[in-house]
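Written out below as structure tokens is the structure these notes cover.
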Amino acid sequence: AQSVTQPDIHITVSEGASLELRCNYSYGATPYLFWYVQSPGQGLQLLLKYFSGDTLVQGIKGFEAEFKRSQSSFNLRKPSVHWSDAAEYFCAVGARGTYKYIFGTGTRLKVLA
Amino acid sequence: NAGVTQTPKFQVLKTGQSMTLQCAQDMNHNSMYWYRQDPGMGLRLIYYSASEGTTDKGEVPNGYNVSRLNKREFSLRLESAAPSQTSVYFCASVAGGAHEQYFGPGTRLTVT
């Protein structure tokens with residue numbers, strides 16, 4: 001069965017610092033991989049996705065993620081965090097050939113001024 | 001173009017009452033989903049409909065039923081609400097090959 005693990009429940013960084021949010025998945029083959037962001041009281045918005053090809057993918061708001069097959073990971077990064085990045089971030093996987101997606105438990109990001 | 005809409009935004013039920021959460025999308029998407037979000041649990045898939053006329057169970061289907069009324073609408077029904085169903089419910093839809101989920105604003109349900 002597919003599963004997604006986000007080991008960090010909360011992360012606090014200072015504005016301007018770099019950020020890395022971790023995501024590990026368990027799946028028999030390479031799934032579709034996604035990162036979503038949820039601002040307080042809002043629905044989720046897609047940041048970026050990986051289907052195949054270049055393992056470093058660029059997303060919106062200056063975010064990028066790297067797929068590492070050997071580590072079953074899809075970590076999200078940003079070189080310089082802005083106060084507006086404070087939100088909850090979710091990693092998700094989708095089984096190829098289906099339209100079913102599983103989400104991780106989320107990482108809540110706090111940004112210090 | 002409203003995207004994904006959900007009604008109601010808030011609801012309080014007593015244990016044993018029933019209700020239906022409504023979801024509609026105007027993006028001509030084939031697939032639609034219902035998730036619940038609980039603190040520390042992330043989003044858990046309740047039911048999904050890969051295409052009009054089909055529905056499938058997700059991770060936590062017990063206590064819920066769904067109806068894919070047409071391509072636009074996908075409703076979630078609680079037949080006999082329980083306090084454990086207190087949660088925020090999100091509806092989402094997906095356009096074919098893009099696999100990007102578009103989410104509604106959510107329904108905050110409290111069962112007392």
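Sequence lines set the chain letters: A, B, ... in the order given, protein chains first and strands last, and positions in each chain run from 1. Since this is a predicted model, take the numbers as computed values, not measurements.
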Inset, instruction - Test A:Gln42 against B:Phe103 for side chain to side chain contact (heavy atoms under 4.5 Å, CB included), laying out the working first. - result: CA-CA 9 Å; A:Gln42 305 293 315; B:Phe103 285 82; over 6 Å; no

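From A:Gln38, atom CD reaches atom CZ of B:Phe90 across 4.5 Å, with rounding to the nearest 0.5 Å. Annotation: the span from A:Thr105 atom OG1 to B:Asp38 atom CG amounts to 12.0 Å, rounded to 0.5 Å. The CD1 atom of A:Ile102 lies 7.0 Å from the OH atom of B:Tyr35; values are rounded to the nearest 0.5 Å.
Counting heavy atoms from C-beta on, the side chains of A:Lys100 and B:Glu59 never come closer than 4.5 Å. A:Leu44 has its side chain within reach of B:Leu43: a pair of non-hydrogen atoms, C-beta onward, lies under 4.5 Å apart.
For B:Arg44, the CZ atom is densely surrounded, since the number of other residues' heavy atoms within 6.0 Å is greater than 12.
Residue B:Tyr102 does not touch chain A at all, counting heavy-atom pairs closer than 4.5 Å.
Residues A:Leu76 and A:Phe90 are members of separate hydrophobic clusters, defined by side-chain heavy-atom contacts under 4.5 angstrom among Ile, Leu, Val, Met, Phe, Trp and Tyr. Residues A:Leu48 and B:Val94 do not share a hydrophobic cluster, clusters being chains of Ile/Leu/Val/Met/Phe/Trp/Tyr side chains in contact below 4.5 Å. A:Tyr36 and A:Val93 fall into different hydrophobic clusters, where Ile, Leu, Val, Met, Phe, Trp and Tyr residues are linked whenever their side-chain heavy atoms come under 4.5 Å apart, directly or through other members. A:Phe74 and A:Ile60 fall within the same hydrophobic cluster, where Ile, Leu, Val, Met, Phe, Trp and Tyr residues are linked whenever their side-chain heavy atoms come under 4.5 Å apart, directly or through other members. B:Val60 and B:Leu78 fall within a single hydrophobic cluster, where Ile, Leu, Val, Met, Phe, Trp and Tyr side chains are chained together by heavy-atom contacts under 4.5 Å.
Between A:Tyr101 and B:Tyr48, the distance separating the two ring centers is not shorter than 6.0 angstrom.
Ranked by heavy-atom pairs under 4.5 Å with chain B, the first of A:Lys49, A:Gln45, A:Glu88, A:Arg108 is A:Lys49.
Between B:His99 and A:Phe51, the ring-plane angle classifies as perpendicular under the 30° and 60° cut-offs.
For the pair A:Tyr99 (side chain) and B:Met32 (backbone), a donor-acceptor distance under 3.5 Å is absent.
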